[in-house]
Amino acid sequence: MFIPNLLSTESGSESIVRARIVIVEDEPDLRDAVAEYLEAAGYEVVTAESAAAARSLVETQSFHLAILDIAMPGEDGLSLGRWLRSKLPIGIIYATAAGTALDRIVGLELGADDYIVKPYELREVLARVRSVLRRVPQPKELQDEKAGTDRRSVTFGPFQADLDGRLVTGANGAVIDMAKSEFDVLEIFLTRANRLLTRAAISEAIGFTEDPESSRAVDIRIMRLRKKIEADPANPKFLRTVRGEGYIFSLPAGDGN
């Protein structure tokens with residue numbers, strides 16, 4: 001059976017760490033159906049019926065990814081997602097009811113990696129889970145294996161981006177707090193510096209289909225990214241807009257790998 005996993009990128013290496021997923025959903029039939037489907041695909045799955053139950057789980061367990069229903073009694077999924085991000089380097093997929101575009105936009109602004117719209121097909125859930133897990137930072141046990149090997153890094157201004165460790169540091173080595181979705185976009189630009197990238201190209205690179213929602217999602221990620229790497233986000237030095245065409249990341253001569 002195929003086991004989805006987080007693999008070391010070293011040539012000839014396949015250090016397997018089975019992905020663990022928590023599903024937080026107050027509808028028991030839907031919760032059980034998604035869990036059963038993902039377990040059949042080879043993932044370890046734990047479920048919770050509320051945000052309070054999920055918080056209890058996280059006190060004793062760690063997860064690579066969370067699927068969070070936004071509209072739950074008591075604490076909602078958006079609040080739970082913020083808390084999870086403060087505790088774990090975790091991928092987050094929000095589930096939202098059809099027609100509630102505002103929830104999806106708020107979720108993206110809070111650092112969600114993806115969202116699914118109810119009612120959804122289980123195959124779509126699996127596809128989005130796989131896409132997000134490909135972008136989840138490697139667990140510490142895999143990072144330790146790669147310590148001392150050549151790592152891809154890019155310097156721009158006062159910042160140093162470790163593309164393999166998915167870490168950005170600023171002046172004096174201070175770590176820049178960056179959601180995985182933000183780092184995804186930054187990596188796309190750093191590996192294609194000084195090239196014009198359309199929204200469609202960026203959407204494709206991060207696994208989105210090109211539609212108005214995806215374009216908005218790209219813009220939100222870029223807006224958040226600018227706030228963290230630009231001295232003046234309204235007049236960016238690195239991540240510039242080319243009106244009517246897309247974006248370009250300016251990497252001055254002398255900066256780079």
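Every heavy atom of this structure was used, including side-chain atoms; hydrogens, water molecules and symmetry mates were not. In this text, all values refer to a predicted model and were calculated from it rather than measured experimentally.
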Mind listing the side-chain donor-acceptor pairs of residues 53-63 below 3.5 Å, one per line with the distance, residues two or more places apart or on another chain?
unit_1 : atom_1 : unit_2 : atom_2 : d
Arg55  : NE     : Glu75  : OE1    : 3.0
Arg55  : NH2    : Glu75  : OE2    : 2.9
Ser56  : OG     : Ala52  : O      : 3.3
Thr60  : OG1    : Leu57  : O      : 3.3
Gln61  : OE1    : Arg20  : NH2    : 3.0

inquiry  = Apply ring pair (Phe, Tyr, Trp, His ring centres under 6.0 Å) to residues Phe156 and Phe249 and explain how you reach the verdict.
reply    = CA-CA 10 Å; Phe156 57 102; Phe249 196 97; 5.4 Å; yes

ask   = Would a 4.5 Å heavy-atom cut-off, applied to side chains only, mark Ile21 and Glu44 as touching?
value = no

note = The side-chain contact (heavy atoms from CB on, under 4.5 Å) partners of Arg195 (sequence neighbours excluded) come to Arg192

task = Measure the spacing between NZ of Lys227 and CG of Asp232 and express it to the nearest 0.5 Å.
result = 13.0 Å

remark   = Residues at least two apart in sequence or cross-chain that pass side chain to side chain donor-acceptor pair (under 3.5 Å) with Arg243, listed by chain then number, are none

message = Pairing donors with acceptors under 3.5 angstrom, does anything connect the side chains of Tyr247 and Asp219?
response = yes

task = Please identify each residue that fulfils side-chain contact (heavy atoms from CB on, under 4.5 Å) with Asp76, with sequence neighbours left out.
result = Leu78, Ser79

task = Using the test side-chain contact (heavy atoms from CB on, under 4.5 Å), find all partners of Asp29 that sit at least two apart in sequence or belong to another chain.
result = none

Heavy-atom side-chain contact between Arg123 and Tyr37 under 4.5 Å = yes

note = Closest non-hydrogen contact found for Phe189 with Ile248 is CE2-N, 4.4 Å

inquiry  = Any donor-acceptor pair under 3.5 Å linking the side-chain atoms of Ser153 with those of Gln160?
reply    = yes

remark   = Ile176 meets the side-chain contact (heavy atoms from CB on, under 4.5 Å) criterion, sequence neighbours left out, with Phe159, Val168, Met178, Lys228

query = Between Glu27 and Lys118, is the closest basic N to carboxylate O distance under 4.0 Å?
reply = yes

